[in-house]
Structures are given as C-alpha cells and as structure tokens.
Amino acid sequence: MQPQDVSQQTRDLRDMSTAEIAELVAELGQPSFRTKQIVSWVWEKNVSSFDEMTNLPKSLRTALAERCHLGAVDEAACQRSKDGSRKYLVRFEDGTSVECVGMPSGSRLTVCASTQAGCGMKCSFCATGAAGLTRSLSASEIYQQVIHVRDDFDMRITGVVMMGQGEPFANYDATLAALRRLNDPNGLGIGARHLTVSTCGIIPMITRFSREPEQFTLAVSLHSAVQRTRDALMPGVRRYSLLRLYDAMGEYADRTGRRPTYEYALIKGVNDTDEELTYLCDFCRDTLCHVNLIQLNDVAGSRFRPSSPERANDFVRRLASVGVEATIRRSRGADIDAACGQLKQRFT
Ligand code: SAH
C-alpha cells in the first residue's frame, strides 16, 4: 500500500488509458515497448506494487512510483452461495464500496459487475434503488471488480454482465472504457459478444451504444409493455415512453443486426396479467429480440411477490406463439442476496 499522502497527490496508474501510459513512457525517455509491459502488469497481472514489475529496469520502476500509485481494492466481505456463486463487497480508496458477483458454471465464469455505487433510478422492486445513488465508478473501478473475481476463483473470466448496482448508461463513458479494457487482448481479452450491458432504458444512450464499433451485447429492463405499469415500476425512466423505446430498439437492431434482450421480472398481479401479456406480445412481435423472464427475487420490505412458475411458462408459450423467443432465467445466489435486484452497498 502507498502512504495516503502519496496516493492523494499522484495519479492512479490503473485509471490511465494505454495512450496516457504511452505518453508517460515517452516523457520518461523510455522505448515504446514499455507501454505494453506496464499495461500487462496493471491490467492483466493486477500487481499491487511497482517492484513486482520485474521486467522493467529498477530506475523506471522508481520513476513510475514517483509519478503514480496503484489504487487498491479491498475485499470487505465475501459470501458463498450453495450454487457456487460468490458475492463480494469491494471497497475503493475513498471508502466507497459496491457488490459484485462471480457465477461459475462448469468451466465458465461470469461476473456481474456494478457501474455505480447505489443507483438513482428508483425502480420500486429493486433493493439497490432504495438507498439512492452514492457516486458513479471510474472505468478502473468497474474493471477491478472483474479482476478481483478472477483472482479469487483463479479462473479465466468468460463473460461479464454490467448488471450489478447502478445504471450503466448513467455512467456511459466509464462503462464503455471498462468494456474496452475487458475486451482488449492486453486486458482480459473477453469477446465483445460476451460483454453485456443492461440499461433501464435511457434512450439517447441506447442510440449512442448502437453506434459503437464493438459488438457488445445489450439488455434492456422492460418489466412491462403497459405505460402506466412501467411508469409505476420504473419511475426513473418515465420520461422515455415505451413508444420511443420501441423505435430506439428498432433502430438498434437495424444498425447493429444484433438481437437485444428484454428483461422482465414477473410480479404477481402486477405485470403478469393477461392484459400485460398481450401488450408484451405486441411490443415484441416482428422485432429482433429475446425475452428473459426473471423470477422476482425477494427484497426486504417489498410488497411485490413473484409469479408462479406456471405463469412464467404461460408467458413463454404465448410469446412463442407470436414468434418471440423467451427463456426463464434461473436465479443465482438468491441464498446470499446476490440475485438480481438484491445488491446493496453493505452486507447485512
Ligand atoms: N440499471 C440497469 C442494470 C441493473 S441489471 C438495469 O436496470 O437494467 C439488474 C436487473 O435485475 C434489471 O433488469 C433489474 O430490473 C432486475 N431486478 C431488479 N430488482 C429485481 C428483483 N427484485 N427481482 C428480479 N429482478 C430484479
């Protein structure tokens, strides 16, 4: 660990982009191949001190240590689920903490990462929204959650979903920079299709996302195709009407040729009625999409209850009858409050 006064004065090397590191390398009169070496120590090997960068000359390590520091992530807590998932509470330098989850499945390991500490979107069925937004995370803070899970499992990460705390599209630039670093062969080298962003539906950012060159995967939390129901469940996106969402998603599919996912947590008597199902079918039919039906997870103090498994099957069947593919998503880590909508800023 660096002494506190040094960390406050110098830049966190983990926050710097490849271009910025290259600039620093040039400034120090070093050959350009040093950039790749430094990036690999920081992004890939996740070292915690400059002395571990053993292929750099000692003088360069000293020069780096004078100009930068390596921000540390502390694991404040970890809980293990019966299904193999692990939920972590990680704490950043300023004391802010977020949760992230590692979900193993055979030889695959998916990480669910947070993009903000807390969330400002106030969805009525979600625990994260209840406490409000603390702050957005930097690209390196998002990236580091993934590295932390990799190192704890000691396994290659095969996919990342930005589905932890926070609204990724309310922190667009940092989220994109983190995705690029995850995708970068000098970072974790995870294929763009295996990197998923989930948004509650911030339309200008969906449009922006559709113009990014990488083939990242998009998921949109729909939860109802009836305007008044969605407004009540998701007050944070009230100003973006379903009609506009429908158009934006059409453009997204046209421009990228990629199939977005709609997330739909089935809530008994709220969004699982026949009328709701009809609207959902109309919203999705003849569009390029996939519907992920999520079982509603318990949130302390919530008045909402999950629909029955039979009802979920009805949804799959009716959607299939209009040509829309839907799956029921198995929930991971529910016994440790690590499932969708259960993440908070501290373990209780
Ligand atoms: N803010 C982004 C990223 C969060 S992803 C978004 O809204 O998409 C987390 C997913 O879990 C979202 O689809 C969210 O709506 C859903 N969710 C929230 N609370 C839930 C709960 N209690 N049960 C099931 N899913 C929930």
Side-chain angles (χ1 to χ4, degrees), residues 87 98-101 103 110-134 136-137 142 145 159-172 174-175 178-179 195-203 205-206 209 216-225 229-238 240 245 249 260-268 270-272 289-307 312 315 327-345:
K87 178 175 77 163
V98 298
E99 292 182 346
C100 57
V101 187
M103 298 170 287
T110 303
V111 177
C112 176
S114 296
T115 53
Q116 297 182 306
C119 187
M121 304 314 296
K122 299 189 171 60
C123 296
S124 56
F125 48 89
C126 178
T128 305
L133 176 67
T134 302
S136 283
L137 302 186
I142 300 169
Q145 296 167 55
V160 177
V161 294
M162 300 294 174
M163 296 191 180
Q165 289 168 27
E167 168 50 42
F169 283 176
N171 185 20
Y172 190 93
T175 298
L179 288 170
L195 298 171
T196 303
V197 178
S198 177
T199 177
C200 58
I202 299 182
I203 289 172
M205 297 300 147
I206 293 177
F209 194 65
F216 298 129
T217 297
L218 177 66
V220 173
S221 297
L222 184 62
H223 303 310
S224 177
T229 310
R230 194 165 192 266
D231 287 350
L233 291 175
M234 306 178 70
V237 283
R238 219 175 259 173
Y240 304 117
L245 180 64
M249 296 305 282
T261 298
Y262 290 122
E263 290 156 286
Y264 200 105
L266 284 162
I267 312 175
K268 190 178 226 138
V270 175
N271 64 0
D272 72 346
C289 74
H290 179 97
V291 177
N292 237 334
L293 299 164
I294 316 169
Q295 106 191 47
L296 184 79
N297 295 302
D298 286 334
V299 167
S302 168
R303 61 189 189 283
F304 296 126
R305 294 288 160 256
S307 311
F315 266 61
T327 42
I328 302 173
R329 189 159 83 197
R330 190 166 55 101
S331 209
R332 300 287 304 264
D335 57 336
I336 53 167
D337 280 357
C340 299
Q342 294 183 317
L343 300 186
K344 299 185 294 294
Q345 288 179 74

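Read the numbers this way: they start at 1 and go in the same order the structure lists the ligands and their atoms.
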Ligand-side contact atoms (ligand 1) for residue partner H223, heavy atom cut-off under 4.0 Å:
13 (O), 14 (C), 15 (O)
Counting each atom of ligand 1 from 1 as listed, which ones have a heavy atom of C200 under 4.0 Å away?
6 (C), 7 (O), 8 (O)
How far is atom 19 (N) of ligand 1 from the closest protein heavy atom, and which atom is that?
G341 CA, 3.0 Å
Just need the protein heavy atom nearest to atom 10 (C) of ligand 1, so name the residue and atom and give the distance.
E263 OE2, 3.9 Å
Could you check if a side-chain atom of M162 sits within less than 4.5 angstrom of a side-chain atom of L179, using non-hydrogen atoms only?
yes
Considering non-hydrogen atoms of the protein only, which is the closest contact for atom 9 (C) of ligand 1, and what is the distance?
M163 O, 3.6 Å
So, taking the atom named SG in C100 and the one named CG in L343, what distance separates them when rounded to the nearest 0.5 Å?
9.0 Å
Any chance you could measure M121, atom CE, to I202, atom CD1, to the nearest 0.5 Å?
4.5 Å
What is the ring orientation for Y264 with F315, classed by angle as parallel under 30°, tilted 30 to 60°, or perpendicular over 60°?
tilted
Classify the contact between L296 and ligand 1 as side chain, backbone, both or neither, using a heavy-atom distance cut-off of under 4.0 Å.
both
When rounded to the nearest 0.5 angstrom, what distance separates OH in Y240 from CE in M234?
12.5 Å
As a quick check of understanding, evaluate side-chain contact (heavy atoms from CB on, under 4.5 Å) for L222 and L245, giving each step before the final call.
CA-CA 9 Å; L222 184 62; L245 180 64; 3.9 Å; yes
Please could you name the atoms of ligand 1 that Q295 approaches to less than 4.0 Å, counting only its heavy atoms?
24 (C)
For C126, take its heavy atoms, then give the atoms of ligand 1 lying under 4.0 Å from any of them.
18 (C), 19 (N)
Heavy-atom contact under 4.0 Å between M234 and ligand 1?
no
Indicate yes or no: at least one non-hydrogen side-chain atom of L266 is less than 4.5 angstrom from one of L296.
no
Can you tell me how far NZ of K87 sits from CE of M103, rounded to the nearest 0.5 angstrom?
13.0 Å
What protein heavy atom is closest to atom 7 (O) of ligand 1, reported as residue, atom name and distance in Å?
S221 OG, 3.3 Å
Passes side-chain contact (heavy atoms from CB on, under 4.5 Å), M163 versus C340? Steps please.
CA-CA 8 Å; M163 296 191 180; C340 299; 5.8 Å; no
If you scan protein heavy atoms around atom 23 (N) of ligand 1, the nearest is N297 N, 2.9 Å
Any N or O on G166 sitting closer than 3.5 Å to an N or O of ligand 1?
yes
Return the residue, atom name and 0.1 Å-rounded distance of the protein heavy atom closest to atom 17 (N) of ligand 1.
F125 CE1, 3.8 Å
Of all the atoms in ligand 1, which lie at a distance below 4.0 Å from a heavy atom belonging to V299?
22 (N)
How far is atom 25 (N) of ligand 1 from the closest protein heavy atom, and which atom is that?
C340 CB, 3.3 Å
Does ligand 1 have any atom that is closer than 4.0 Å to a heavy atom of M121?
no
Return the residue, atom name and 0.1 Å-rounded distance of the protein heavy atom closest to atom 4 (C) of ligand 1.
G164 O, 3.8 Å
Is Q165 near ligand 1, meaning one of its heavy atoms is under 4.0 Å from it?
no
Just say parallel, tilted or perpendicular for the rings of F169 and F209, cut-offs at 30° and 60°.
tilted
Exercise: do E167 and T115 side chains pair donor with acceptor under 3.5 Å
no
Under 4.0 Å, heavy atoms only, figure out whether ligand 1 is touched by the backbone of T199, its side chain, both or neither.
backbone
One should read off an interatomic distance between L233 CG and R238 CZ, to the nearest 0.5 angstrom, of 10.5 Å
